[in-house]
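Okay, so here's the structure we're looking at.
Here the structure is a predicted model, which is why all the values come from computation and not from measurement.
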Amino acid sequence: MGQRATTELQPDADPETAESADEMLHKDEIFDLMSNHRRRYAIHYLKQADGPVALGDLAEQVAAWEHDKEIGEITSAERKTTYTSLQQTHLPRLDRAGVVDYDGGEVELEDRVERLDIYLDIVPENSISWGMYYLGLSAFSVLVLAALWADLLPTEGIPVLAYPAVLIAMFAISAGYHAYLNHKYRFENLERPP
């Protein structure tokens, strides 16, 4: 096994609620780990597996994704290059960070990989951020409530709580759809890694 990386606790962290130095991964380390496509591909494959995976099987799938081929179409040179790179560089790096357990022949994800999940969500192209969407929805809600307060919207024959109920329903539907998309675009739910 490789030696695990340790990181420092934040100076203003509460010692009772802060993670131990052995459990923490700083943002810089996470971004460094995820900056390489082979490490992302390896984590993606391991997230889909139930238990340990043979290094050879992992290398084949990573090579297939890299070359946009089926596993049976991979050449021995492509397989060997990927195998060697994973064996000598990427898996030891992930093992030192405590993300995988790599013993030379088999690889398995550690529980610590869950700390990467927030950075592994995929945002589809050509979409606005959810923060901007909710900001717009909030601004629309404020305008509706201000118009109600200033008697600019019709209220005769409409229950008093109709407008606020519609606004709450809009937020609830948006939040439900947001949760659905977050699940759909989770790193491990994609067929092919990004």
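- Closest non-hydrogen pair, E29 versus A97, comes out as OE2-CB, 3.6 Å.
- D103 approaches G105 most closely through the heavy-atom pair OD1-N, 3.0 Å.
- Side-chain heavy atoms closer than 4.5 Å link hydrophobic residues (I, L, V, M, F, W, Y) into clusters, and following such links, possibly through other members, connects F140 to F171.
- Remark: A54 engages D57 in a side-chain contact (heavy atoms from CB on, under 4.5 Å) (not counting sequence neighbours).
- Sorted by first and then second residue, the pairs that involve residues 130-144 and meet side-chain hydrogen bond (donor to acceptor under 3.5 Å, both in side chains), not counting sequence neighbours, are Y133-S174, Y134-H178.
- In this structure, E108 and G51 approach most closely via the heavy-atom pair OE2-CA, 3.8 Å.
- Of all non-hydrogen atoms in K69 and E78, the two that sit nearest each other are NZ-OE2, 3.0 Å.
- Not a single donor-acceptor pair under 3.5 Å links the side chain of S85 to the backbone N or O of T81.
- When the side-chain contact (heavy atoms from CB on, under 4.5 Å) test is applied to N36, the partners found at least two apart in sequence or on another chain are R38, R39, H90.
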Practice item. Would you sort out whether L94 and V107 count as a side-chain contact (heavy atoms from CB on, under 4.5 Å), showing the intermediate values? Key: CA-CA 10 Å; L94 291 170; V107 187; over 6 Å; no

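- You'll find the side chain of I43 reaches within 4.5 Å of the side chain of K47, heavy atoms only.
- Under the 4.5 Å side-chain heavy-atom criterion for grouping Ile, Leu, Val, Met, Phe, Trp and Tyr, Y177 is not connected to I168 through any hydrophobic cluster.
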Solution key, residues 149-166 side-chain donor-acceptor pairs under 3.5 Å, sequence neighbours excluded:
residue: Y163; atom: OH; partner: P154; partner atom: O; Å: 2.9

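- Under the rule for a side-chain contact (heavy atoms from CB on, under 4.5 Å), T89 has no partner lying at least two apart in sequence or in another chain.
- Remark: I71 engages E60, Q61, A64 in a side-chain contact (heavy atoms from CB on, under 4.5 Å) (not counting sequence neighbours).
- Both V144 and M170 sit in one connected hydrophobic cluster of ILVMFWY residues. Membership requires side-chain heavy atoms under 4.5 Å apart, directly or through other members.
- Remark: L91 CG to D101 CG distance equals 11.0 Å, nearest 0.5 Å.
- Both L145 and L137 are part of a single hydrophobic cluster, where members link through side-chain heavy atoms under 4.5 Å apart.
- Atom CZ of R79 and atom OH of Y83 lie 11.5 Å apart (nearest 0.5 Å).
- Neither I74 nor L86 shares a network with the other; the hydrophobic side chains, linked directly or stepwise wherever heavy atoms of I, L, V, M, F, W or Y lie under 4.5 Å apart, form separate groups for each.
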